[in-house]
Each structure stands twice: as structure tokens, then as C-alpha cells.
Amino acid sequence: MLVYGLWQDAHMTVKYTDIDYSVFTDAARSVWEGGSPYERSTYRYTPVLAWLLTPNIWLHPTWGKWLFVACDCLVGALIARIVRARGASDGSAAAYAALWLLNPQVANISTRGSAESVVCAAVVATLYAFQRRRVVWGSALFGLSVHLKIYPAIYAVPLLCVLDNSAFGGGGSSGRSLPQPTARSRLVALFNVHRITFAAVSGATFLALTAAMYGIYGYEFLDETYLYHVTRRDHRHNYSAWFLPIYLTFASPTSVAMGLLTFLPQVATVAVLGLAFGRDLYFAAFAQTFAFVAYNKVCTAQYFMWYICLLPVVWPHSAIRLVPRGLLLVAAWIGPQALYLQQAYRLEFLGENSFALLWAAGALIFVTNCWILNQIISNQQIVPLFSASTPQAEAKKRK
């Protein structure tokens with residue numbers, strides 16, 4: 001698809017490459033020439049991404065796309081390792097990895113020039129590091145992930161649940177009856193060495209990267225990369241059910257308050273899911289991300305990659321098979337999107353007044369996604385990240 005995209009860009013009026021890739025390239029050029037990536041309007045990302053794409057300027061303009069595809073492949077390799085470590089055979093692991101690697105939507109988004117695969121790679125690597133009990137590495141990768149994109153911060157809830165002494169190797173039961181825990185012992189267990197390490201390393205990584213970028217680019221970096229997304233109001237190209245209210249109040253001062261209020265149901269739902277399924281880190285992260293995207297005031301096709309990269313890891317423990325229920329859920333997921341795109345085409349290309357139907361399609365997408373998530377949760381077997389065996393026994397088994 002990447003090679004085909006190069007041909008389409010060279011020979012057809014309608015370009016294959018997404019406008020975001022042009023934004024990335026312009027920002028990279030500004031950085032390469034000693035300027036700020038924010039000289040390019042609509043660049044709302046960390047300068048680290050612009051730095052990574054400077055070879056677009058001095059090596060080849062398609063460098064970034066090859067980087068995004070490489071991150072896709074890394075995610076696929078990690079999925080295979082994760083699924084295999086959770087009990088799947090080599091053949092099954094390859095099949096589940098193919099749900100990501102051979103997914104045409106994933107390939108399309110990356111080869112058109114979207115950088116979401118970089119964030120997905122950082123997130124999946126973070127979760128895998130904790131599965132391997134690499135707390136320092138996992139914490140550092142978590143800090144990096146949140147710096148690249150704000151949304152992985154939601155995984156702090158299930159990660160803190162996982163970093164429990166009894167589950168994370170803080171000394172298992174020796175078979176003797178233990179005294180009832182006191183309030184003081186519960187408090188000590190709450191602030192155990194694993195959680196303190198996680199908070200210290202992830203916080204230090206995030207703050208170090210943020211401070212470095214702030215030192216170079218100043219307040220503009222904070223405003224464009226982080227603060228902008230808090231009060232963001234997208235009134236076009238937005239699957240969200242909040243689309244029409246945002247559009248109707250776009251020029252009103254009340255739109256800022258509305259933008260902030262939209263976070264309340266989103267934050268509450270995501271936090272509850274993280275706590276409810278925290279023992280199963282991968283499923284908690286998947287459910288949180290699915291809900292986060294569904295409830296978000298801004299929703300585009302690129303955001304779907306955030307939870308698609310986790311779907312192959314949780315599907316092996318679901319009672320939902322591909323035929324027929326899996327295909328039914330996929331059809332229910334795609335159908336409202338197709339209706340939305342039809343109405344968006346009428347509005348933006350034909351100039352017809354389809355605002356009401358466009359909002360109805362967005363609302364249908366939201367309701368359908370809530371139903372899909374409900375179906376997935378009710379059919380999911382919760383598998384704790386770690387078995388009851390000790391870390392020493394698991395290490396011996398791996399050897």
C-alpha cells in the first residue's frame with residue numbers, strides 16, 4: 001500500500017498521502033533549519049516527532065512513512081510475543097498478530113502518513129515490559145508514551161492495580177495462615193516499592209522530556225502539544241456525538257465550558273473500567289481505550305488504531321468467535337461509520353444541509369460502540385497478568 005500510494009500521489013489528482021504527513025514534513029523542515037515545529041500551523045504534537053522525521057528533509061520525503069510501517073511491524077511482533085506468553089501456540093500467535101499486521105485500515109492509516117503507529121508501538125512495548133516484570137523499563141516507556149500522546153495516561157489506573165505486592169512478586173504466601181492486615185500494613189502495601197518506582201521513573205521520564213522541549217520551544221510547546229487538546233473544539237471531520245453542539249456553539253464563549261464538561265463522563269467511565277478490570281492489564285487497557293475514543297469529543301479514524309492494537313491480545317480469551325458474532329460486531333462497527341461518511345460527503349462535497357443526519361449518525365456511532373463494548377465485556381474471561389506462581393518459578397520455566 002505504501003508503494004501504491006507513491007504511484008497515486010505521482011499520477012492522480014486525488015492524493016493518497018494524508019494532509020497530516022505534509023504537516024509533519026513542514027514541521028521537520030522547520031526543526032532542521034533551526035526553527036520551531038510550531039511555525040507550521042496545525043502542528044499539535046511533541047517536537048520529538050518532528051525530530052524523528054527530519055530525514056524527510058535530508059534523506060528522502062517518504063522516510064516517515066517507512067518509519068510508521070516499521071512501528072506497525074514492531075507492534076505485530078510484540079503482539080505475537082504477548083499472546084504466546086499468555087498461553088497461545090505459535091500458530092495461534094501468528095494468526096492473532098495478523099489481525100493487526102494484515103488489517104487494511106491499519107495499513108492504510110500508516111502508509112498515508114499518520115503517526116499513530118509510533119504511539120501504538122510505545123504503548124504495547126510499555127505493557128509488554130510490565131508483563132515481563134521490567135518495572136523500570138516499563139515505567140520509562142510509559143512516561144515516553146504519555147509525552148508522545150496524552151491518552152496513555154489512562155493506563156496508570158490498571159498499572160497501579162497490577163503493581164501489587166501479592167501479584168507482582170512481593171512475596172507470595174508460604175502456605176501458613178497469615179495475620180489479618182492492619183490499617184498500617186494496608187497503607188504500607190499500597191505504597192509498595194513497585195508503585196513508588198513506577199511513579200518516580202515514569203514521572204521523571206515525562207518531566208525530563210517535557211522540560212527539555214519547554215526549554216527549547218517555550219510556552220508554545222505546552223500550549224500546542226497539551227493545553228490545546230483540553231479545550232479543543234473540532235467542528236469538522238469528527239465522528240463524535242458532540243459534533244453538532246460544538247458546531248452550533250463554536251463562536252460562543254460557552255463552547256469552552258462545554259468542551260471541558262465533555263471530559264466528565266469520559267473520565268468517570270475510563271477510571272471505572274481501569275479499576276474493574278485492573279487485574280487483567282491488557283483487557284483493562286483495551287476497554288479503557290475503546291471507551292475513551294467512543295466518549296471523546298473529537299473522534300477520527302486514526303484514533304481507532306489505539307484500541308485495534310490491543311484487540312489481538314484480548315481476543316484469545318473471549319467467547320466471541322469470528323463467525324458469526326465477530327462478523328456481526330464488525331458490521332455493527334462499520335455500518336454507522338459508512339452512514340456518517342455518506343452524510344459528510346453530502347455536506348462537504350455537495351453543499352447539502354445534512355447537519356441533522358450527520359449528528360444522528362455520530363450519535364448512532366456512539367450508541368453502537370457502547371453496545372459493542374458491552375458485548376465484549378460480557379463475553380470476556382478476565383485473565384490476571386500474572387499467575388499464582390512466583391517470579392522465580394516463572395523465570396525457571398522460561399529458561
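Worth knowing before you read on, the calculation uses all heavy atoms, side chains too, and leaves out hydrogens, waters and symmetry mates.
For the pair P37/S30, no side-chain contact is recorded, criterion being any heavy-atom separation below 4.5 Å from C-beta on. In this structure, L329 and R325 have side chains that are not in contact, with every pair of non-hydrogen atoms separated by 4.5 Å or more. Contact check for S139 versus V136: no side-chain heavy atoms found under the 4.5 Å cut-off.
Aromatic rings of Y219 and F221 (six-membered ring for Trp) have centroids beyond the 6.0 Å cut-off, not under it. The aromatic ring centres of W306 and F290 sit 6.0 Å or more apart. Between F198 and F142, the ring center distance clears the sub-6.0 Å criterion.
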All N/O donor-acceptor pairs, side-chain side in residues 362-374, below 3.5 Å, sequence neighbours left out:
{"residue": "T368", "atom": "OG1", "partner": "L364", "partner atom": "O", "Å": "2.7"}
{"residue": "N369", "atom": "ND2", "partner": "I365", "partner atom": "O", "Å": "3.3"}

Return a table of donor-acceptor pairs under 3.5 angstrom between the side chains of residues 74-90 and protein atoms on other chains or two or more places apart.
{"residue": "R84", "atom": "NE", "partner": "D90", "partner atom": "OD1", "Å": "2.9"}
{"residue": "R86", "atom": "NH2", "partner": "D280", "partner atom": "OD1", "Å": "3.4"}
{"residue": "S89", "atom": "OG", "partner": "S92", "partner atom": "N", "Å": "3.3"}
{"residue": "S89", "atom": "OG", "partner": "S92", "partner atom": "OG", "Å": "3.1"}

When the side chains of residues 263-273 are checked against the rest of the protein, which donor-acceptor pairs come out under 3.5 Å, sequence neighbours left out?
{"residue": "Q266", "atom": "NE2", "partner": "F292", "partner atom": "O", "Å": "2.9"}
{"residue": "Q266", "atom": "NE2", "partner": "N296", "partner atom": "OD1", "Å": "3.0"}
{"residue": "T269", "atom": "OG1", "partner": "P265", "partner atom": "O", "Å": "2.8"}

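A side-chain donor-acceptor contact under 3.5 Å links Q288 to the backbone of I154. Using a distance-only test at 3.5 Å, with no hydrogens or angles considered, no donor-acceptor pair links the side chain of S117 to the main chain of C71. Looking at T54, its side chain does come within 3.5 Å of a backbone N or O of W51 through a donor-acceptor pair. Remark: side-chain polar atoms of N56 are paired, donor with acceptor, to backbone N or O of G64 under 3.5 angstrom. Looking at R134, its side chain never comes within 3.5 Å of a backbone N or O of Q131 through a donor-acceptor pair. A donor-acceptor pair under 3.5 Å is absent between the side-chain atoms of N108 and the main chain of P104, judged by distance alone. Side-chain atoms of E116 do not come within 3.5 Å of backbone N or O of I109 as any donor-acceptor pair. Remark: side-chain polar atoms of Y38 are paired, donor with acceptor, to backbone N or O of Y45 under 3.5 angstrom. One N or O on the side chain of H11 and one on the backbone of W7 form a donor-acceptor pair closer than 3.5 Å.
Heavy-atom minimum distance, T126 versus G138: CG2-O, 3.5 Å. Contact record, W63 with Y21: N-OH, 3.8 Å, taken as the closest heavy-atom pair. Annotation for Q8 and K15: closest pair NE2-C, 3.6 Å, computed over non-hydrogen atoms.
Judged as a salt bridge (charged side-chain N to carboxylate O under 4.0 Å, His left out), not a single pair has a partner in residues 66-80 (not counting sequence neighbours). A salt bridge (charged side-chain N to carboxylate O under 4.0 Å, His left out) check over residues 357-381, counting only residues at least two apart or in different chains, returns nothing. Applying the salt bridge (charged side-chain N to carboxylate O under 4.0 Å, His left out) definition to pairs two or more places apart or across chains, none involves residues 366-376. Contacts classified as salt bridge (charged side-chain N to carboxylate O under 4.0 Å, His left out) and involving residues 42-66 (residues at least two apart or in different chains) are given here: D9-K65, R44-E224.
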Apply side-chain contact (heavy atoms from CB on, under 4.5 Å) to residues S240 and Y295 and explain how you reach the verdict. CA-CA 8 Å; S240 172; Y295 278 78; over 6 Å; no
Intermediate values then yes/no, side-chain contact (heavy atoms from CB on, under 4.5 Å), V31 and Y217: CA-CA 11 Å; V31 168; Y217 301 108; 4.0 Å; yes
Apply ring-ring contact (aromatic ring centres under 6.0 Å, His included) to the pair F277 and F286, showing each step before the final yes or no. CA-CA 10 Å; F277 304 113; F286 171 81; over 10 Å; no
Does the pair W137 and F130 meet the rule for a ring-ring contact (aromatic ring centres under 6.0 Å, His included), with working shown? CA-CA 8 Å; W137 274 107; F130 281 102; over 10 Å; no
Can S36 and E220 be said to form a side-chain contact (heavy atoms from CB on, under 4.5 Å), step by step? CA-CA 9 Å; S36 167; E220 187 178 30; 3.8 Å; yes
With side-chain contact (heavy atoms from CB on, under 4.5 Å) as the test, would you mind laying out the steps for S114 and F68 before giving the verdict? CA-CA 8 Å; S114 172; F68 302 155; 5.9 Å; no
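With sequence neighbours excluded, the residues that form a salt bridge (Lys or Arg N to Asp or Glu O under 4.0 Å) with R40 are D26. Listed by chain and residue number, R346 satisfy the side chain to side chain donor-acceptor pair (under 3.5 Å) test with E352 (two or more places apart in sequence, or in another chain). Partners of E39 according to the salt bridge (Lys or Arg N to Asp or Glu O under 4.0 Å) rule, which considers only residues two or more places apart in sequence or in another chain, do not exist here.
With respect to the salt-bridge test (charged N to carboxylate O, under 4.0 angstrom), the residues D164 and R195 qualify.
The number of heavy-atom neighbours closer than 6.0 Å to CH2 of W66, taken from other residues, nucleotides and ligands shown, is 12 or below.
The aromatic rings of Y226 and F206 lie tilted to each other, with the angle between the two planes from 30° to 60°. Note: Y4 and Y16 have perpendicular aromatic rings, judged against thresholds of 30 and 60 degrees for the angle between ring planes.
L102 and F304 end up in different hydrophobic clusters when Ile, Leu, Val, Met, Phe, Trp and Tyr side chains are linked at under 4.5 Å. Y345 and L339 end up in different hydrophobic clusters when Ile, Leu, Val, Met, Phe, Trp and Tyr side chains are linked at under 4.5 Å. There is no path of hydrophobic side-chain contacts, each under 4.5 Å, that joins L67 to V3.
Grouping Ile, Leu, Val, Met, Phe, Trp and Tyr residues whose side-chain heavy atoms lie under 4.5 Å apart, directly or via other members, places L275 in a hydrophobic cluster with V157. Residue L328 belongs to no hydrophobic cluster, having no ILVMFWY side-chain heavy atom closer than 4.5 Å to its own.
Each of V383, L127, L311 was scored for a side chain to side chain contact (heavy atoms under 4.5 Å, CB included) with Y282, with one residue passing: L127.
T289 and Y155 are linked by a side-chain donor-acceptor pair at a separation below 3.5 angstrom, with hydrogens and angles left out of the test.
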